[in-house]
2 protein chains.
Amino acid sequence: MDAKRKKYLDARAKVLKAMAHPSRLFIIEELEKGERCVCELTEMIGADVSTVSKHLTVLKQAGIVTDDKRGNQVFYQLRVPCILNFFGCVESVLESQAQDHAASLAVGR
Amino acid sequence: MDAKRKKYLDARAKVLKAMAHPSRLFIIEELEKGERCVCELTEMIGADVSTVSKHLTVLKQAGIVTDDKRGNQVFYQLRVPCILNFFGCVESVLESQAQDHAASLAVGR
DNA sequence: TAAGTATTTGGCAATATGGCCAACAAGTAA
DNA sequence: TTACTTGTTGGCCATATTGCCAAATACTTA
């Protein structure tokens with residue numbers, strides 16, 4: 001694997017890694033509906049504000065969201081609108097797992 | 001966030017997490033072309049066989065690949081053919097980052 | 001059976017992640 | 001100014017990840 005290929009893979013892995021956490025997926029899905037301030041997301045997630053803020057930093061550094069401070073609050077928004085189409089394939093993976101599980105139950109394994 | 005939503009997010013995060021590593025992305029891209037044995041992947045990645053084997057275990061447990069032992073060798077294949085379409089959006093994120101970077105250079109920031 | 005090849009597993013060390021609390025920064029309002 | 005609200009940052013701890021080596025397992029072939 002040459003250096004160019006490695007760089008390509010590193011960049012893509014970084015974006016996926018930023019998405020690969022339940023709270024961060026939640027944030028992404030929520031921002032699909034429109035911008036949200038940190039306090040709203042914190043309320044919905046039910047973790048400490050500092051925790052949510054750090055998740056948002058991860059998403060921002062990965063280039064997935066941008067922020068906009070207005071008065072007291074900071075509003076986050078999705079930077080790339082397609083981000084959720086992205087999940088069609090994750091669904092397929094999950095569905096095929098479910099099928100396997102059903103099949104193994106039927107066979108009695 | 002209710003229990004059902006949490007379960008949904010956990011399942012999707014798990015699949016993304018399994019993909020979020022350069023060597024595992026490499027494996028996924030390589031398997032798009034057809035099945036490969038562990039020794040071929042190891043050769044291409046240039047890490048220890050045991051390391052590659054563990055990456056494959058991660059992908060298998062996430063439901064992304066399946067394995068098939070034939071004789072001495074174990075061949076891995078993608079379980080879900082769409083897995084690479086999946087990357088259109090990652091590309092968008094990376095491109096928008098690149099644009100920002102170019103813009104900030106132009107402005108002299 | 002003995003030796004060789006392919007792969008997985010266990011163990012360990014280094015590093016990264018996630019989440020909480022406390023402290024700080026910035027804005028608003030009394 | 002003082003007090004309050006919203007967010008971010010630093011510190012700390014528990015846990016997870018990654019990667020290597022060594023050992024074990026499974027097949028094949030001499």
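Chain A is the first sequence line, chain B the second, and so forth, proteins listed ahead of strands; every chain is numbered from 1. What you see below is based on every heavy atom in this structure, not just the backbone, and it leaves out hydrogens, waters and symmetry mates.
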Rounded to the nearest Å, what distance is computed from the [atom1] atom of residue [X] to the [atom2] atom of nucleotide [N]?
| X | N | atom1 | atom2 | answer |
| --- | --- | --- | --- | --- |
| I27(B) | dT18(D) | CD1 | P | 12 Å |
| L56(A) | dG18(C) | CG | P | 13 Å |
| R24(A) | dT17(C) | CZ | P | 9 Å |
| D10(B) | dA16(D) | CG | C1' | 15 Å |
| D48(B) | dT9(C) | CG | P | 15 Å |
| H21(A) | dT17(D) | NE2 | P | 11 Å |
| F75(A) | dT8(D) | CZ | P | 12 Å |
| L25(B) | dT18(D) | CG | P | 12 Å |

Verify the contact: side-chain N or O of [X] to OP1 or OP2 of [N], cut-off strictly under 4.0 Å; return yes or no.
| X | N | result |
| --- | --- | --- |
| Y76(A) | dT8(D) | yes |
| K17(B) | dT17(C) | no |
| H55(A) | dT17(C) | no |

* Asked: When the nearest nucleotide of DNA chain D is assigned to V74(A) and to S23(B) on a heavy-atom basis, which residue is associated with the more 5' position?
  ->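 In this pair, the answer is V74(A).
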
* **Nearest-nucleotide comparison on DNA chain D, the residue closer to the 5′ end among T51(A) and K54(B)** => T51(A)

[X] versus [Y]: any side-chain heavy-atom pair under 4.5 Å?
| X | Y | result |
| --- | --- | --- |
| I64(B) | R79(B) | no |
| D67(A) | K60(A) | yes |
| H21(A) | L9(B) | no |
| Q73(B) | V38(B) | no |
| T51(B) | T42(B) | no |
| D10(A) | K7(A) | no |
| L25(B) | L16(A) | yes |

* Asked: With respect to R36(B), which candidate in E29(B), E43(B), E30(B) satisfies the salt bridge (charged side-chain N to carboxylate O under 4.0 Å, His left out) definition?
  -> E30(B)

* **Stretch residues 36-46 of chain A: residues that reach within less than 4.0 Å of DNA chain C through a heavy atom** => none

* Single-linkage hydrophobic cluster I28(A)~V74(A), side-chain heavy atoms < 4.5 angstrom -> yes

* **Hydrophobic cluster membership, M44(B) vs L78(B), 4.5 Å side-chain cutoff** =>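 Yes, one cluster joins them.
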
* Six-ring centre of F26(B), R24(B) cation under 6.0 angstrom, axis tolerance 45° -> no

* For every nucleotide of nucleotides 25-30 of chain D, 5' to 3': is a protein heavy atom under 4.0 Å from its base (B), only from its sugar-phosphate (S), or from neither (-)? -> -BBS--

* What dot-bracket string describes DNA chain C from 5' to 3', counting Watson-Crick and G-U wobble pairs whose defining distances are under 3.5 Å, with [ ] for crossing pairs and | for pairs to another strand? -> ||||||||||||||||||||||||||||||

* Asked: Strictly by modelled atom types, are E40(B) and Y76(B) linked by a side-chain donor-acceptor pair under 3.5 Å?
  ->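 Note: E40(B) and Y76(B) side chains miss the donor-acceptor criterion.
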
